[in-house]
Amino acid sequence: MRFAISIPQDLDDHKFDPDEFRAFMRRAEELDFDSAWTQEQVLGKAARSSPLEAMTFAAACTERIRLGCSVLVTPLHSPVHLAKSLSTLDQLSRGRVEVGVGSGGQGRMFSAFNVSPDGLITRFVEGLNLMKACWTQPSIDFDGRFWQLHDAAMEPKPFQKPHPPIWFGARHPNALRRAVEHGDGFFGAGSTTTEKFVEQVGIVREALAESDRDTAGFRIAKRVYVGMDDDADRARERSAAALERIYGSGDLLPVAVTGPPDDCVRGIRDVVDAGAELVLLTPLFDDAEQMERFAAEVIPEVR
């Protein structure tokens, strides 16, 4: 059983404190968190840092903790540029990168990225295959619907061989099966309830049983929004406000684990019982304090 922590990404104008960020990352490593993760939100009213830049800064502040993004909406990126950036970061961090990918669904503002929603899944899978080719092939010949390369090369290759682990963010049954076919793990969304996660894990396990791959290396994780407070009502209020700020609208409080320590222990244990081998704790307020409290009061009770 492993636990991860979210990398703080709030980046209000002129308010970022690099010393505070360094202290957070170093303390996460001291507390023996397995990994630290970002999220991607390019457009939106919440002031959130770009994931790869935050991961790069975090890599410079630490020595051992693994660093990931859950997830990069890869159809909105150039796969060649993204492959280069991730390969570079994997070298700079000495092989500590985890890559989360997702198609993003049809609700995106594709026009802002000069991308058509037509053929979204084809674009997603093709882009991922092209990234893998850039990471593994000394001479790249690629003839796809969206991208073509002939006798191209990309160096350096990633520090990890053949490439960093690839996690899929997915909800639809077809997407969950694609995770088994093309990825190294499934990462349940923070905006998904534990009950829904149980269903998703069942589909993943069915797909693994039907596949001819080595299932032992396929991992299952879930992001969990958390808000610990000895006052249960205050925990719910602060968590609801934070979720609204992140997502813009909707009552997402049921997806979060909130309240006093005992309530949080039960909530996290439910996620573990649902099948999560890695739990990504994502504090909704007071990041450093929440990390300390979960490390001291929750994680020892769940392991």
Side-chain angles (χ1 to χ4, degrees), residues 9 37-44 48 50-52 55 68-86 97-135 142-148 163-193 196-197 199-208 210-211 213 218-223 246-248 250 252 255 278 280 282:
Q9 287 183 262
W37 295 73
T38 56
Q39 292 172 284
E40 182 175 57
Q41 185 185 70
V42 180
L43 298 175
R48 306 280 287 170
S50 179
L52 294 184
M55 290 165 62
C69 178
S70 179
V71 295
L72 294 159
V73 183
T74 52
L76 305 183
H77 293 264
S78 156
V80 174
H81 282 103
L82 187 56
K84 180 74 171 187
S85 294
L86 289 166
V97 170
E98 307 265 341
V99 180
V101 300
S103 65
Q106 293 288 340
R108 303 279 166 172
M109 195 180 297
F110 291 97
S111 59
F113 302 89
N114 195 28
V115 170
S116 170
D118 296 335
L120 175 65
I121 300 306
T122 300
R123 178 185 289 271
F124 169 65
V125 174
E126 183 177 309
L128 180 58
N129 288 335
L130 178 51
M131 289 170 61
K132 290 179 179 179
C134 290
W135 288 334
F142 193 91
D143 186 18
R145 171 179 168 185
F146 298 100
W147 297 281
Q148 301 82 39
H163 51 70
I166 297 174
W167 297 80
F168 270 56
R171 298 174 186 268
H172 191 278
N174 291 343
L176 294 165
R177 294 185 182 97
R178 275 194 296 274
V180 171
E181 182 179 359
H182 298 283
D184 302 303
F186 159 59
F187 218 119
S191 55
T192 297
T193 63
K196 191 65 178 178
F197 179 64
E199 298 176 15
Q200 294 169 344
V201 170
I203 295 170
V204 167
R205 287 177 172 163
E206 285 179 7
L208 285 168
E210 295 167 359
S211 72
R213 64 174 295 163
F218 191 92
R219 296 177 290 169
I220 296 175
K222 191 182 188 309
R223 178 187 296 276
I246 295 170
Y247 287 97
L252 285 170
V255 308
L278 172 70
L280 169 55
T282 302

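For this chain, numbers begin at 1 and follow the sequence in order. The model shown is predicted, which means the values in this text are computed figures rather than measured ones.
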For [X], check side-chain contact (heavy atoms from CB on, under 4.5 Å) against everything at least two apart and list the hits.
X	result
Thr74	Leu72, Leu82, Val101, Phe124
Ala83	Met131, Cys134, Trp135, Met154
Arg123	Pro75, Val115, Phe146, Trp147
Ile246	Tyr225, Leu284

Value rounded to 0.5 Å, distance of [atom1] in [X] from [atom2] in [Y]:
X	Y	atom1	atom2	result
Trp37	Trp167	CH2	CH2	5.5 Å
Phe187	Leu280	CZ	CG	4.5 Å
Thr282	Gln9	OG1	CD	9.5 Å
Gln41	Ser50	CD	OG	11.5 Å
Gln200	Phe186	CD	CZ	4.0 Å

Could you tell me whether the side chain of [X] and the main chain of [Y] form a donor-acceptor pair under 3.5 Å?
X	Y	answer
Glu126	Arg145	yes
Arg213	Val180	yes
Asp184	Ile166	yes
Lys222	Phe197	no
Gln39	Val71	no
Ser70	Thr38	no

For residues [X] and [Y], report the shortest heavy-atom separation together with the two atoms involved.
X	Y	result
Val73	Ser103	CG1-O, 3.6 Å
Leu43	Ala112	CD1-CB, 4.1 Å
Phe142	Asn129	CE1-C, 4.0 Å
Ala179	Gly185	CB-O, 4.5 Å

Under the rule for side-chain hydrogen bond (donor to acceptor under 3.5 Å, both in side chains), what residues qualify as partners of [X], not counting sequence neighbours?
X	result
Lys132	none
Ser211	none
Thr193	none
Glu181	none

TODO: Count the heavy atoms belonging to other residues, nucleotides or ligands that lie under 6.0 Å from NZ of Lys84, then report whether that count exceeds 12.
DONE: yes
Open item on the list: Restricting to ring-ring contact (aromatic ring centres under 6.0 Å, His included), what partner residues turn up for His77, sequence neighbours left out?
Closed with: none
TODO: Can you run down the side-chain hydrogen bond (donor to acceptor under 3.5 Å, both in side chains) pairs that involve residues 169-180, sequence neighbours left out, and say none if there aren't any?
DONE: Arg171-Ser191, Arg171-Thr192
- [ ] Please list all pairs passing the salt bridge (charged side-chain N to carboxylate O under 4.0 Å, His left out) test where one or both residues lie in residues 98-114, with sequence neighbours left out.
- [x] Arg66-Glu98, Glu98-Arg219
